[in-house]
Q: 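Here you go, one structure.
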Amino acid sequence: MFSLLRSMAITFLHLFSKRETIQYPEERVPLHPRWRGRIVLTRDPDMGERCVGCYLCAAACPVDCISLQATEDEQGRRYPEFFRINFSRCIFCGYCEEACPTYAIQLLPDFEMAEYNRQNLVYEKEDLLIDSQGKYPGYNYYKVAGVDSGIKPKGGGTNENPPVDIHQILP
Amino acid sequence: MAQIHIDKESYDVKNGKNLLETCLSLGYQLPYFCWHPALNSVGACRQCAIKVFKDEKDTRGRIVMACVEPVSDGLHLSVADPEASAFRSQNIEWLMTNHPHDCAVCDEGGSCHLQDMTVMTGHAYRRFQYPKRTHHNQYLGPLVHHEMNRCIQCYRCVRFYKDYAGGKDLDVFAAHDHVYFGRAKEGILESEFSGNLAEVCPTGVFTDKTLHTHYTRKWDLTMAPSVCQHCSLGCNIIAGERYGSLRSITNRYHEAVNGYFLCDRGRYGYEFVNHPSRIQHPNVRGRQVSGKELYTTLQDLLTSKNWIGVGSPRASLEANFALRKLVGDQNFYQGVSKVEADLLQRILHMTHSGQIHQPSLQEIEQADLVLILGEDPTHSAPRMALSIRQAVRNIPLQQTASTHIPAWHDVAQREYIQDTKGPLYIAYPVASKLDELASYTLHDHPDVLAAFGFDLAQAIGDDPLGDQNEPTLLRNIAEALLKAERPLIVTGTSLISHNILEAAWAIAMALKHQNKNASLSFILPSCNSAGLAYMEAEPLEVLMKSAKQNGISGAIVLENDLYRHYDALELDQFFESLEDIIVLDHLEQPTTAQATVTLPAATFAETSGTLVNNEGRVQSFYQVYMPKNEDIRPSWQWLTELYQIKIGLTPDLLYPSTPLLEELAASLPQFAGIGAHAPTFGLNGQKIPREPHRYSGRTAMLAHIAVSEPRPDQDELSPFSFTMEGSRGFPPPPLTPYYWSPGWNSNQALNKYQIEVGGALAGRHAEVNLFAMASTIPYPTKKGGVNQSQSVIQNATTHTFELLPITHIFGSEELSGYGDAISKLAPAPYFAINKQEASRLSLQPGVDIHLRIGKQTYPLTVQIGQELPAGCAAIPYNIPPLTGITWPAQGTLIPTTP
């Protein structure tokens with residue numbers, strides 16, 4: 001009898017403690033900037049596509065839900081011809097972001113991706129690409145890479161000497 | 001045998017090796033760059049540092065480069081020594097100071113030796129803060145991509161290209177950290193082996209340009225062991241697919257066949273598989289038909305007519321046999337010209353007699369004298385030319401034995417022998433690339449070449465020499481042949497001359513009578529020429545004009561463009577005399593245009609099959625992927641179904657084919673034992689996966705079609721699975737789909753698959769050689785001279801020339817010629833005559849002329865071939881539009897109206 005009353009008392013006391021639930025969707029949960037949610041493809045400071053189609057995100061993905069095909073424009077800049085993430089398989093582990101050498105693929109603090117139709121969870125490049133640099137502003141992979149892809153000439157990148165003149169014999 | 005001690009462990013190892021290959025063979029992880037099992041040591045990269053001790057008490061030791069240090073008995077060394085590991089790590093750090101931040105956009109990434117070695121040494125973060133040196137790139141043609149910034153100066157490219165493959169146009173320029181590997185001027189690489197640069201280069205300086213257009217990482221490819229379809233040598237390849245298209249061909253090591261290298265036709269010829277003019281759907285009289293309707297149409301056709309089958313030298317044994325079974329033995333014909341079939345028949349008699357050994361490419365590499373009679377291996381069997389280039393070094397290399405230069409010390413050997421070469425004799429109508437190595441070359445009419453061969457045979461046989469122009473020369477060559485320990489004669493069908501074959505045979509037999517251990521190698525026209533010829537069918541030509549009289553009303557043509565083998569007008573008449581023609585092939589071509597029914601046939605990448613190469617070796621290629629289009633099916637499957645329909649089964653009762661190879665061996669005794677050439681089961685009771693364990697995109701690649709993943713393709717017929725599932729391990733060599741080993745992502749993981757580095761693959765299955773199962777029906781040696789063909793034109797006032805077919809690496813072979821890259825390199829149709837003839841006819845090089853051959857006229861461009869004999873003109877063999885010429889042929893110049 002006593003234990004019954006004690007349990008009821010404890011339960012009633014909870015009426016006055018701080019609420020853990022929030023009134024979603026009117027009220028929003030505060031998410032940290034590094035929260036691993038919606039996956040996007042970002043752009044570099046010049047608004048060029050950051051993704052160079054290196055396939056590392058696809059290889060890192062433990063559920064193999066990323067598939068892409070690299071291609072090249074006339075100037076030799078690599079970009080994905082298509083880029084597909086099957087979010088019905090994605091486990092939001094963030095390995096793709098870790099593997100990305102160009103900061104292209106990023107996980108953003110947004111989880112509102114639910115769909116009634118599972119097919120709608122298959123995102124193509126048009127659905128993934130955003131007009132922003134995301135969490136890592138200022139980085140442009142093609143400025144530090146050695147290839148000439150129309151972004152900078154050979155030897156014109158960060159920390160590069162001008163191309164060697166192989167005909168000169170000076171040391 | 002010597003005993004060495006590595007990190008206090010004792011091993012019994014072979015003498016005469018260097019420490020690097022010994023350590024690698026023993027399984028030590030020792031990084032290296034400049035050393036290559038086929039190119040040996042040069043000591044350029046300083047990467048394979050180890051510590052060698054004076055004796056077991058010595059604790060200080062000294063750092064040496066393992067690749068230039070010989071094995072010696074009682075040697076104490078350490079791989080794991082902290083100083084040696086630090087040296088290796090720092091060395092890589094230095095090599096990487098200028099290496100660009102390119103891995104993400106570099107085609108080598110994922111199969112990069114530099115990546116593997118960097119990880120192996122533990123170097124991870126760049127400490128060097130100063131600017132990187134950069135280079136301009138060069139355009140090197142449609143096959144090889146150049147990105148010079150990535151170079152680590154290991155010198156492998158020039159050592160392969162110049163020293164090993166005899167190329168002239170790739171070199172090293174400038175000095176110190178400016179060294180530049182490229183051409184003096186931008187341009188297309190001249191060597192036929194330039195594609196190997198992509199595999200030889202430890203990083204991404206040279207990469208496969210065709211792969212670049214549809215780039216896929218190695219880990220994403222679905223791969224299967226395959227066999228090259230573009231010449232008769234049967235080089236082993238690995239074919240890789242992604243998203244339903246074939247992406248790349250890489251070398252698959254076979255110690256007796258292609259070793260580490262492929263030719264460019266083999267590496268880049270795959271592009272026809274992805275060609276836009278692939279036949280996609282069954283087509284009946286211009287209408288796309290499928291399902292039940294197709295079967296009922298075919299049943300009506302098959303039961304109402306008398307059919308013949310036309311086999312193909314580029315189709316597998318299974319497909320040819322399925323056709324033979326469908327139409328019956330008597331109605332099965334070879335789809336090659338009569339003269340080609342006769343030549344092959346003769347070659348098979350020769351090989352079948354068991355009198356002369358057919359060498360493998362590896363044995364060709366060991367020959368100490370090479371005589372090439374009527375062939376240009378560089379163009380007709382390119383990989384063999386690379387072997388011959390190694391063979392001419394054997395005699396000079398024997399002299400290094402007395403100098404204590406070890407066999408693996410490449411740079412010292414090359415210094416020592418300089419330009420000296422072993423004996424190589426070449427008899428071919430036009431100059432060839434191997435001429436530069438030859439001790440004697442003869443450029444003349446094929447009959448003259450054959451006469452030279454017969455005279456040589458006579459000289460060897462000690463017969464009194466007749467009235468010869470150059471008796472001393474003949475005598476010299478004969479003596480050289482008799483002196484050689486492993487003389488090799490190379491001949492073949494390129495010149496379409498019986499006399500050449502007989503002459504080569506006569507020389508080989510003369511040597512045999514002198515108890516010499518001679519070998520004779522034949523170069524055949526196509527990848528399965530030997531297999532088709534072994535089926536002993538008549539060529540179609542014998543029936544072509546009398547098809548109607550014989551009551552034939554339909555022909556089934558298997559994977560063959562008959563317009564490449566037969567005269568177009570005769571073929572048109574033949575087709576007109578028939579009511580129905582069924583053609584099974586990969587691509588739209590002139591023969592499919594004549595067909596009433598076309599059935600889309602799977603290519604070598606989409607089905608499995610078995611081929612017989614020029615030395616009688618039976619090898620299987622395996623299906624790489626299931627074509628997305630279900631209408632594209634293997635020829636043997638179509639034909640087996642046609643057979644079942646013909647015997648009255650309804651479409652829903654069709655059953656899968658029984659193993660065709662077993663049936664073939666049972667019904668044709670010459671193929672007995674053929675199925676034993678490769679295991680038909682997987683590994684550890686499981687399938688062998690075609691996909692590496694890092695294969696990506698499994699759950700996304702088809703998600704745009706339907707988010708529910710379909711069941712993966714099942715493979716009931718082969719030991720492979722189409723997925724990543726199965727037994728990971730070391731499959732036996734004929735079933736190795738790719739090379740990978742922990743820490744070794746590049747193709748150099750191959751080291752782990754060999755018994756000892758550079759040697760045979762572990763677990764090699766017993767191979768089957770049809771020629772070795774020889775009967776003892778001797779093939780007679782033709783005595784005396786040559787039946788000089790009546791057609792040799794002596795009259796110097798005529799406009800008619802005897803034509804000589806000149807085979808070209810790019811263009812002469814049908815399927816590779818459809819590829820984008822290869823077609824860019826194929827020569828434009830030319831008409832080559834010597835200078836005197838040109839000035840007689842006042843023709844300038846580069847002028848367009850019209851040449852009439854038979855009833856056809858061809859527009860050609862004049863070229864000067866100075867070594868051509870008078871009255872003869874050279875034209876490229878089987879390069880469109882010069883196809884279907886009946887050889888031997890004559891051509892008449894038609895005066896062009898201005």
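Nothing here was measured: the structure is a model prediction, and the numbers come from that model. Worth knowing before you read on, the calculation uses all heavy atoms, side chains too, and leaves out hydrogens, waters and symmetry mates. Letters go in sequence order (proteins before strands), and every chain restarts at 1.
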Q: Taking all heavy atoms of H704(B) and all of Q119(A), pick out the closest pair and write down the distance.
A: O-NE2, 3.9 Å
Q: Is the NE2 atom of H32(A) crowded by more than 12 outside heavy atoms at less than 6.0 Å?
A: no
Q: Distance-only, no hydrogens or angles: does the R84(A) side chain make a donor-acceptor pair with backbone N or O of A700(B) under 3.5 Å?
A: yes
Q: Are H212(B) and E72(A) close enough that a side-chain donor and a side-chain acceptor fall under 3.5 Å?
A: yes
Q: Is the distance between the ring centroids of F173(B) and H167(A) less than 6.0 Å?
A: no
Q: Look up atom CE in M701(B) and atom CZ in F82(A), then write down how far apart they are to the nearest 0.5 Å.
A: 7.5 Å
Q: May I ask you to name which of R217(B), R242(B), R694(B) has the most heavy-atom pairs under 4.5 Å with chain A?
A: R217(B)
Q: So which of Y695(B), W219(B), Y180(B) has the biggest tally of heavy-atom pairs under 4.5 Å with chain A?
A: W219(B)
Q: For the interface with chain A, which of G110(B), C103(B), P131(B), G109(B) has the highest count of heavy-atom pairs at distances below 4.5 Å?
A: P131(B)
Q: Let me know if L68(A) has heavy atoms under 4.5 Å from chain B in its side chain, its backbone, both or neither.
A: backbone
Q: Which bit of T213(B) comes within less than 4.5 Å of chain A, counting heavy atoms only: side chain, backbone, both or neither?
A: neither
Q: So which residue, A706(B), A703(B), A174(B), ends up with the most heavy-atom pairs under 4.5 Å with chain A?
A: A703(B)
Q: If you look at every heavy atom in H135(B) and K154(A), which pair is closest and at what distance?
A: O-CD, 3.0 Å
Q: Please report the C-alpha distance between V105(B) and Y142(A) in whole Å, then the side-chain angles of each, then the deciding distance to 0.1 Å, and finally whether the side chain to side chain contact (heavy atoms under 4.5 Å, CB included) criterion is met.
A: CA-CA 10 Å; V105(B) 289; Y142(A) 282 111; 3.7 Å; yes
Q: Could you check whether any side-chain N or O of Q69(A) sits under 3.5 Å from a backbone N or O of Y215(B), counting only pairs where one atom can act as donor and the other as acceptor?
A: yes
Q: Strictly less than 4.5 Å between heavy atoms, which residues of residues 108-115 of chain A line up against chain B? Please order them by number.
A: none
Q: Take atom OH in Y95(A); do more than 12 heavy atoms of anything else shown fall under 6.0 Å from it?
A: no
Q: Judged by atom type as modelled, is there a donor-acceptor pair below 3.5 Å linking the side chain of D102(B) to the main-chain atoms of A145(A)?
A: no
Q: Taking side chain as everything from C-beta outward and backbone as N, CA, C, O, which of these in H136(B) sits under 4.5 Å from a heavy atom of chain A? Side chain, backbone, both or neither.
A: both
Q: Looking at N149(B) and G146(A), what are the two nearest heavy atoms and their distance?
A: ND2-O, 3.0 Å
Q: If I compare all heavy atoms of N161(A) with all of T134(B), which pair ends up nearest, and what's the gap?
A: O-OG1, 2.8 Å
Q: Say you draw a straight line from OG1 of T102(A) to NE2 of H101(B); how long is it, rounded to the nearest 0.5 Å?
A: 9.0 Å
Q: Considering only heavy atoms, which portion of D177(B) lies under 4.5 Å from any heavy atom of chain A: side chain, backbone, both, or neither?
A: neither
Q: So does Y103(A) have more than 12 non-hydrogen atoms from other groups sitting under 6.0 Å from OH?
A: no
Q: Flag the pair L121(A) / V707(B) as yes when at least one side-chain heavy-atom distance between them is below 4.5 Å, and no otherwise.
A: no
Q: Does any backbone or side-chain atom of S88(A) lie under 4.5 Å from a heavy atom of chain B? Answer side chain, backbone, both or neither.
A: side chain
Q: Enumerate by number any residue of residues 37-67 of chain A whose heavy atoms lie under 4.5 Å from heavy atoms of chain B; in the absence of such residues, state 'none'.
A: V52(A), C54(A), Y55(A), L56(A), A58(A), A59(A), V63(A), D64(A), C65(A), I66(A), S67(A)
Q: Check whether P153(A) gets within reach of chain B through its side chain, its backbone, both or neither, counting any heavy atom under 4.5 Å.
A: neither
Q: Checking E709(B) against chain A: side chain, backbone, both or neither under 4.5 Å from a heavy atom?
A: side chain
Q: Can you tell me which portion of R118(A) sits under 4.5 Å from chain B's heavy atoms? Options are side chain, backbone, both or neither.
A: both
Q: Give a yes or no answer on whether the side chain of E160(A) reaches the backbone of K132(B) with a donor-acceptor pair at less than 3.5 Å.
A: no
Q: Need one label for E81(A): side chain, backbone, both or neither, based on atoms under 4.5 Å from any heavy atom in chain B.
A: neither
Q: Non-hydrogen atoms of chain B under 4.5 Å away: do they reach the side chain of R78(A), the backbone, both or neither?
A: side chain
Q: Which one of S708(B), C106(B), G697(B) has the most heavy-atom pairs closer than 4.5 Å to chain A?
A: G697(B)
